[in-house]
Amino acid sequence: MHFGYANPKFKYKMGDQELQETEEEKYLGVYVNSSMKFGRQCAESVKKANRMIGIIKRDFTNFDRKVVLNLYKALVRPHLDYCVPVWKPYLRKDIQLLEGVQRRMTKIIHGMRNKTYEERLKELRLMTIEQRHLRQDMITFYNITQGRINMQVDNYVDILRESNTRGHNMKIRPSRVRLEVRRNSYFKRIWKAWNKLPQEAVTAQTLNKFKNSIADCGIFKGREDLLSR
């Protein structure tokens, strides 16, 4: 697989066998293609999640709030969350496709069908999928800064450890990029949200304390218990 418009697309061999060029591959459950847009991954995730909703609607008769939310968080939403820091979509059509799963699931709860999506989220204390994925981006970067994920972050961003800046003293600045695929990559998309977090969040000693610290952050609007999985 070749990435980038200016890629010379060299041929490679393993022994005497020339390796076949491919435009898309599935690796550890994630579809990756040469454009890095992850449209296929979004579609496959939604397909699995919707299939599970169909099974729930067919096999269950009790659709009260507690039952449906437990089923949603255990059986449906994990399909939308799996490895999302890697493939989080940036095209609006893909974001709306993922959001449609939660729209559909919240409608089957007794008493929710005639309410707007925003009203359902507020009453059920849920984030939008887009907000939830942003939260997961923040958790991932926190784990990187704590050494829990082995990654040389200095290769992608500069950490500005300054005490005279507004906000916390671990703000980051990404390197400049030209290509669209790099503009929407992980480190390029998280830096503004990370820089808005409070000091007590980025210096939290444990992951649970970090989650508690960002729970009241305006980025997430306090819709969901951020300690829930």
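We number each residue from 1, following the sequence as shown.
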Return the [atom1] to [atom2] distance between [X] and [Y], rounded to the nearest 0.5 Å.
{"X": "Leu121", "Y": "Leu126", "atom1": "CG", "atom2": "CG", "answer": "6.0 Å"}
{"X": "Gln136", "Y": "Ile129", "atom1": "CD", "atom2": "CD1", "answer": "9.0 Å"}
{"X": "Asn143", "Y": "Met138", "atom1": "CG", "atom2": "CE", "answer": "12.0 Å"}
{"X": "Gln41", "Y": "Met36", "atom1": "CD", "atom2": "CE", "answer": "11.5 Å"}
{"X": "Phe187", "Y": "Asp137", "atom1": "CZ", "atom2": "CG", "answer": "10.0 Å"}
{"X": "Thr206", "Y": "Gln146", "atom1": "OG1", "atom2": "CD", "answer": "9.5 Å"}

pair [X]-[Y]: side-chain heavy atoms closer than 4.5 Å:
{"X": "Tyr186", "Y": "Tyr156", "answer": "no"}
{"X": "His168", "Y": "Trp194", "answer": "yes"}
{"X": "Arg120", "Y": "Arg103", "answer": "yes"}

Qualifying residues under ring-ring contact (aromatic ring centres under 6.0 Å, His included), relative to Tyr82, sequence neighbours excluded: none

Using the test ring-ring contact (aromatic ring centres under 6.0 Å, His included), find all partners of Tyr142 that sit at least two apart in sequence or belong to another chain. Phe210

What are the two closest non-hydrogen atoms of [X] and [Y], and how far apart are they?
{"X": "Ile214", "Y": "Ala201", "answer": "CG2-CB, 3.9 Å"}
{"X": "Thr140", "Y": "Pro85", "answer": "OG1-CG, 3.3 Å"}
{"X": "Pro174", "Y": "Val157", "answer": "CA-CG1, 3.8 Å"}
{"X": "Thr106", "Y": "Met112", "answer": "O-CB, 3.3 Å"}
{"X": "Leu80", "Y": "Ser45", "answer": "CD2-O, 4.2 Å"}
{"X": "Asp94", "Y": "Pro89", "answer": "CB-CB, 3.6 Å"}

Which donor-acceptor pairs under 3.5 Å do side chains of residues 49-58 form with protein atoms, sequence neighbours excluded?
| unit_1 | atom_1 | unit_2 | atom_2 | d |
| --- | --- | --- | --- | --- |
| Asn50 | OD1 | Arg104 | NH1 | 3.2 |
| Asn50 | ND2 | Val46 | O | 3.4 |

Can you check side chain to side chain contact (heavy atoms under 4.5 Å, CB included) on Glu25 and Val32, steps first, answer last? CA-CA 5 Å; Glu25 287 293 331; Val32 180; 5.7 Å; no

Can you list the residues that meet the salt bridge (Lys or Arg N to Asp or Glu O under 4.0 Å) rule with Lys48, with sequence neighbours excluded?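 For Lys48, no residue satisfies salt bridge (Lys or Arg N to Asp or Glu O under 4.0 Å) once neighbours in sequence are set aside.
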
Whether [X] side chain and [Y] backbone form a donor-acceptor pair below 3.5 Å:
{"X": "His79", "Y": "Lys47", "value": "no"}
{"X": "Arg65", "Y": "Leu124", "value": "no"}
{"X": "Asn169", "Y": "Lys171", "value": "no"}

Tyr12: which other cluster members, linking ILVMFWY side chains closer than 4.5 Å, directly or transitively? Phe10, Met14, Leu19

Can you confirm whether more than 12 heavy atoms, excluding those of [X], are under 6.0 Å from its [atom1] atom?
{"X": "Asn114", "atom1": "CG", "value": "no"}
{"X": "Arg148", "atom1": "CZ", "value": "yes"}
{"X": "Gln20", "atom1": "CD", "value": "no"}

Does Glu44 come within less than 4.0 Å of Lys26, counting only side-chain N to carboxylate O? no

Any side-chain donor near an acceptor of the partner, Tyr72 and Gln102, under 3.5 Å: yes

Answer yes if the side chains of Ser213 and Glu200 hold a donor-acceptor pair under 3.5 Å, and no otherwise. no

Same hydrophobic cluster for [X] and [Y], using side-chain heavy-atom links shorter than 4.5 Å among ILVMFWY?
{"X": "Ile172", "Y": "Leu134", "answer": "yes"}
{"X": "Leu98", "Y": "Ile95", "answer": "no"}
{"X": "Val86", "Y": "Ile144", "answer": "no"}

Candidate pair Tyr31 and Glu24, rule side chain to side chain contact (heavy atoms under 4.5 Å, CB included), full reasoning: CA-CA 7 Å; Tyr31 286 94; Glu24 184 176 72; 4.3 Å; yes

Aromatic ring pairing Trp87/His133, orientation class (parallel under 30°, perpendicular over 60°, tilted between): perpendicular

Sole residue of Arg135, Lys88, Arg92 in salt bridge (Lys or Arg N to Asp or Glu O under 4.0 Å) with Glu130: Arg92

Start with the C-alpha distance between Arg173 and Asp158, add both sets of side-chain angles, then the distance that settles side chain to side chain contact (heavy atoms under 4.5 Å, CB included), and finish with yes or no. CA-CA 5 Å; Arg173 181 177 58 202; Asp158 295 324; 3.8 Å; yes

Quick one: which residue pairs count as a ring pair (Phe, Tyr, Trp, His ring centres under 6.0 Å) with a foot in residues 33-70, not counting sequence neighbours?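 Checked against ring pair (Phe, Tyr, Trp, His ring centres under 6.0 Å) - neighbours excluded - no pair reaches residues 33-70.
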
Which is it for Val101 and Val76 under the side chain to side chain contact (heavy atoms under 4.5 Å, CB included) test, yes or no, and what are the steps along the way? CA-CA 9 Å; Val101 174; Val76 178; 3.7 Å; yes

